[in-house]
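Just so we're on the same page: letters track the sequence lines, and every chain starts at 1.
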Protein chains: 2
Amino acid sequence: MAGQVQRQTGVALWRQIADRIRQAISAGAYDETGMVPPEMTLATQFGVNRHTVRSALAALAQEGIVRAVQGRGTLIERKERLNFPISKRTRFNSGIGEQARETRGLLLGHGEEAASDEVARWLKLAPGTKVIRLETVRKADGRPVSSATSWFPAARFAGMRDAYETTESITRAFAELGLSDYIRATTEITAAHAEAADLSALELTPGAIVLITKAMNTDLDGVPVQYSVTRFAADRVQFTIEN
Amino acid sequence: MAGQVQRQTGVALWRQIADRIRQAISAGAYDETGMVPPEMTLATQFGVNRHTVRSALAALAQEGIVRAVQGRGTLIERKERLNFPISKRTRFNSGIGEQARETRGLLLGHGEEAASDEVARWLKLAPGTKVIRLETVRKADGRPVSSATSWFPAARFAGMRDAYETTESITRAFAELGLSDYIRATTEITAAHAEAADLSALELTPGAIVLITKAMNTDLDGVPVQYSVTRFAADRVQFTIEN
DNA sequence: TATGGTTGTCTATATCAATAGACATTTAAA
DNA sequence: TTTAAATGTCTATTGATATAGACAACCATA
């Protein structure tokens, strides 16, 4: 964890330090002791006052990542970072595999609407064609990992909402509707600061980073079946592309 | 640009607003006028004081993204976002294609060293095997886009440093050393806040986001020839994965 | 039980971030 | 030339951020 923090940048020192410690925990530093270094050690490392480090640790405690115990130290409670393989066979649940004990997909909202220009372009439909929109949040071991808005051609996947709500999985919902297999055709990845909607949906703290994917799935004949914009909590995931 | 800014989060309002406006510019809002809305309009939109908006715009002006003209408004100077296709044939220069007039690859540092555990694992070498390390910064139209640290098996690519310095391109350097073609085998993508080294290498402002890729290239026989850790300025790039 | 190392709490002070208001300066258009 | 709209500059005030120091409370261990 070399490198000093930046002053007078509009980002408070305690937040920069919290981000760095969160990252270090996630990368497996401190695994030997299961504890964060003492506050005074961190303060010296970062070149700040001990109280500033305490603010950072308080924020991490608020997130449930660490827990301070008077007289002993600050214990690490959680450190996972899920890996998402991206390939022709990209799927959320099987991709996570054994990295989490339990995964859930929650339906936050839905609707049937006319395809916007963007959605129509990705799904290769005429603008204005009816599409079904699902707003979902996916969780691993109860912790939100991503929030997604997905669009499906309404004519072909009329029962998508019910199927998803029952199965909590896009793959299984497709199967119920007669599509046994599909292919990830395109994935675009960008990053941005979390917006207000992300903070609540993904249980993030402001200033956090979200990884944004725009993805299109096709059936085996190459016909688009789904377009999704998904927002991931960047400190909980990484993507792996295997060619 | 809906959604309010967050208070008391360790991220100053002016920085949140600067990030949002930068994003909006990059997304093509304001394209009709070529100008950012008036300060008072933005202040109302974000629910803050005009002076706070001015701080945000001053930061963007410092980055060269906007330029304020008294009496007229705040003009947009720059809005590009380069797209990087990631596939078996991922290459920096040809991937950028016609998105920039001129690309350069600058060698910042280099060395020959024993492979660390991580490097050895990716290059499938015994730990401690000699590898060549190159520190490079790649620019498009004079603007830094990414900084990379790359490792190559020293036994096979002894002249890598000279070849890169001459050609300013990994692909062309490989060609000079007798490797006419190679394949992108694996790419891992994560995101983080910019560190001190990023700020200077990529000419970023603190609080900015970097997209980090860890990539491994092989020759046509599947033998690893390069492992790279590359840090991209997130507001200047997006990745596209075509399967 | 005594000690060293750790987190918890309190006071005080200086600087940064944000708001508020007033007015100057510049530009474009009426 | 006048006016409206926009950015530029200044003063003042409040709250958040960061530093500094002192000491209390707690834990593990010698």
Side-chain angles (χ1 to χ4, degrees), chain A residues 4-21 25 30 32-77 193 205-207, chain B residues 4-21 25 30 32-77 193 205-207:
Chain A
Q4 293 304 304
V5 286
Q6 310 294 317
R7 285 161 197 268
Q8 300 174 14
T9 65
V11 182
L13 296 182
W14 66 262
R15 173 144 292 285
Q16 296 181 53
I17 291 168
D19 292 338
R20 295 270 293 271
I21 296 176
I25 290 173
Y30 319 145
E32 296 157 19
T33 58
M35 296 172 64
V36 168
E39 294 169 352
M40 271 311 297
T41 306
L42 290 170
T44 305
Q45 268 182 31
F46 288 113
V48 301
N49 191 274
R50 178 180 158 231
H51 292 294
T52 308
V53 170
R54 284 180 59 76
S55 298
L57 291 176
L60 294 178
Q62 184 67 27
E63 296 178 40
I65 293 178
V66 301
R67 178 169 53 91
V69 178
Q70 190 170 10
R72 290 183 59 195
T74 302
L75 284 59
I76 294 169
E77 295 278 271
H193 287 102
T205 50
Chain B
Q4 292 304 302
V5 285
Q6 311 294 317
R7 285 160 197 270
Q8 300 175 18
T9 65
V11 183
L13 296 183
W14 65 262
R15 172 145 293 283
Q16 295 182 53
I17 292 168
D19 292 338
R20 296 269 292 270
I21 295 176
I25 291 174
Y30 318 144
E32 297 156 19
T33 60
M35 296 172 62
V36 169
E39 294 169 351
M40 271 309 297
T41 306
L42 290 171
T44 305
Q45 268 182 31
F46 288 114
V48 301
N49 191 274
R50 179 179 157 231
H51 293 294
T52 308
V53 169
R54 284 180 59 76
S55 298
L57 291 175
L60 294 178
Q62 184 67 29
E63 296 178 41
I65 292 178
V66 300
R67 178 169 52 90
V69 178
Q70 191 171 10
R72 290 181 58 192
T74 303
L75 284 58
I76 294 168
E77 295 278 272
H193 287 103
T205 49

What is the distance, rounded to the nearest whole Å, between atom [atom1] of [X] and atom [atom2] of [N]?
X       : N      : atom1 : atom2 : answer
A/Trp14 : C/dA17 : CH2   : P     : 14 Å
B/Glu39 : C/dA18 : CD    : P     : 16 Å
B/Gln16 : C/dA18 : CD    : C1'   : 13 Å
B/Met40 : C/dT19 : CE    : P     : 12 Å
A/Met35 : C/dG5  : CE    : P     : 15 Å
A/Leu75 : C/dT6  : CG    : P     : 14 Å
A/Ile17 : D/dT19 : CD1   : C1'   : 12 Å

Original post:
Knowing that exactly one of B/Ile65, B/Val36, B/Asp19 qualifies, which makes a side-chain contact (heavy atoms from CB on, under 4.5 Å) with B/Leu60?
Top reply: B/Ile65

Original post:
Among the nucleotides D/dG8, C/dA20, D/dT17, which one has an atom lying closest to any side-chain atom of A/Ala12?
Top reply: D/dT17

**OP:** Please round to the nearest 0.5 Å and tell me the distance separating atom CZ of A/Arg54 and atom CD1 of A/Ile17.
**Re:** 13.5 Å

**OP:** Hey, could you give me the CE/CG distance between B/Met40 and B/Asn49, rounded to the nearest 0.5 Å?
**Re:** 8.0 Å

Filtered N/O pairs between nucleotides 24-30 of chain D and protein, under 3.5 Å:
residue : atom : partner : partner atom : Å
D/dA25  : N3   : A/Gln70 : NE2          : 3.1

Subject >> Any donor-acceptor N/O pair under 3.5 Å between D/dG21 base and A/Arg50 side chain >> reply: no

**OP:** Measure distances between side-chain N and O atoms of B/His51 and base N and O atoms of D/dG8, and say whether any donor-acceptor pair falls under 3.5 Å.
**Re:** no

**OP:** Name all residues meeting the side chain to side chain donor-acceptor pair (under 3.5 Å) criterion together with B/Arg50; count only those two or more places apart in sequence or in a different chain, and write none if there are none.
**Re:** B/Glu39

Atom pairs and distances, donor-acceptor, side-chain atoms in residues 68-75 of chain A, under 3.5 Å, two or more places apart:
none

**OP:** Map A/Ser55 and B/Pro37 onto DNA chain D by nearest heavy atom, then report which one ends up closer to the 5' terminus.
**Re:** B/Pro37

Subject >> Minimum side-chain heavy-atom gap A/Leu42-A/Ile21 below 4.5 Å >> reply: yes

Are any of [X]'s side-chain N or O atoms less than 4.0 Å away from OP1 or OP2 of [N]?
X       : N      : value
B/Arg54 : D/dG8  : yes
A/Thr74 : C/dT7  : yes
B/Thr52 : C/dT19 : yes

